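Shown next, in structure tokens, is the structure this report addresses.
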Amino acid sequence: LLILGQRQQCRVEGLSMFPTLKEGDIVIYKPYKESTTRINVGQLIIAKNPIETNKLIIKRVSGTEVNGVTLTGDNLSLSTDSRHYGRVNFSKVIGLAEELSK
């Protein structure tokens with residue numbers, strides 16, 4: 001599916017999702033399509049960083065609303081997330097994590 005472009009991958013940097021994800025882990029994700037993909041609380045998503053727009057973030061969905069998602073890192077003491085930058089608009093969501101490779 002990676003070869004066909006139906007899945008993408010990214011490498012984890014930082015400790016905001018520890019212990020679920022560690023520095024260097026590879027996350028396989030399905031690209032997000034707002035019209036056909038449902039986002040649920042508890043899922044891991046990849047999104048454009050609201051602060052550093054040239055970077056991506058991976059966080060856990062802790063809430064969904066009509067115009068976006070609330071994202072939280074698993075390691076609250078080391079995570080910059082919706083507690084700092086607010087709700088993330090659906091247009092910033094890149095994909096939904098499917099497989100974690102260590």
Side-chain angles (χ1 to χ4, degrees):
L1 292 175
L2 278 173
I3 295 170
L4 298 174
Q6 296 175 358
R7 300 296 182 270
Q8 300 292 321
Q9 67 179 358
C10 61
R11 183 176 304 278
V12 174
E13 294 180 9
L15 298 172
S16 70
M17 291 302 294
F18 185 83
T20 306
L21 298 172
K22 298 166 191 67
E23 180 101 27
D25 285 353
I26 301 293
V27 176
I28 306 297
Y29 65 92
K30 179 180 179 181
Y32 173 71
K33 295 178 183 160
E34 191 170 348
S35 61
T36 60
T37 308
R38 180 179 167 97
I39 295 177
N40 297 307
V41 170
Q43 284 182 303
L44 296 181
I45 67 165
I46 291 80
K48 293 179 184 175
N49 188 318
I51 298 170
E52 298 178 64
T53 56
N54 61 331
K55 293 185 177 185
L56 298 178
I57 57 172
I58 182 165
K59 303 289 179 193
R60 190 171 302 283
V61 177
S62 56
T64 62
E65 297 185 30
V66 174
N67 57 349
V69 290
T70 303
L71 302 176
T72 309
D74 287 355
N75 187 348
L76 293 176
S77 64
L78 294 177
S79 181
T80 302
D81 50 38
S82 287
R83 296 170 297 156
H84 303 92
Y85 46 68
R87 185 174 32 254
V88 175
N89 189 286
F90 290 113
S91 66
K92 302 282 187 204
V93 176
I94 302 294
L96 283 70
E98 287 195 333
E99 182 179 324
L100 309 177
S101 174
K102 310 235 174 195

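Quick note: residue numbers are just sequence positions, from 1. Computed from a predicted structure; not experimentally measured.
Residues meeting the side-chain hydrogen bond (donor to acceptor under 3.5 Å, both in side chains) test with S62, sequence neighbours left out: T72. E65 pairs by the side-chain hydrogen bond (donor to acceptor under 3.5 Å, both in side chains) definition with R87, not counting sequence neighbours.
Of all non-hydrogen atoms in R7 and E98, the two that sit nearest each other are NE-OE1, 2.5 Å. Shown here for G95 and Y29, the closest heavy-atom pair between the two residues is CA-CD1, 3.6 Å. Contact detail for P31 and Q8: the closest heavy-atom pair is CG-CG, 4.1 Å. Between Y32 and I39 the shortest heavy-atom distance is CE1-CD1, 3.5 Å.
Residue R11 forms a side chain to side chain contact (heavy atoms under 4.5 Å, CB included) with just one option from I26, V27, D25, and that option is I26. Results of the side chain to side chain contact (heavy atoms under 4.5 Å, CB included) test with L71 over V93, I45, T80, L44 single out I45 as the only residue that passes.
Hydrophobic clustering keeps I94 apart from V88 (ILVMFWY residues linked when any side-chain heavy atoms are closer than 4.5 Å, directly or through intermediates).
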Return a table of donor-acceptor pairs under 3.5 angstrom between the side chains of residues 50-58 and protein atoms on other chains or two or more places apart.
{"from": "E52", "atom 1": "OE1", "to": "K55", "atom 2": "NZ", "distance (Å)": "3.2"}

Query raised in the report: Under the side chain to side chain contact (heavy atoms under 4.5 Å, CB included) criterion, do F90 and V69 qualify, and how do the steps go?
Result: CA-CA 7 Å; F90 290 113; V69 290; 3.6 Å; yes

Requested in this report: Determine, step by step, whether Q43 and R60 satisfy the side chain to side chain contact (heavy atoms under 4.5 Å, CB included) criterion, reporting the C-alpha distance in whole Å, the side-chain angles of both residues, the deciding distance to 0.1 Å, and the verdict.
Outcome: CA-CA 6 Å; Q43 284 182 303; R60 190 171 302 283; over 6 Å; no

Query raised in the report: Yes or no on side chain to side chain contact (heavy atoms under 4.5 Å, CB included) for V61 and N40, after CA distance, side-chain angles and deciding distance?
Result: CA-CA 7 Å; V61 177; N40 297 307; over 6 Å; no

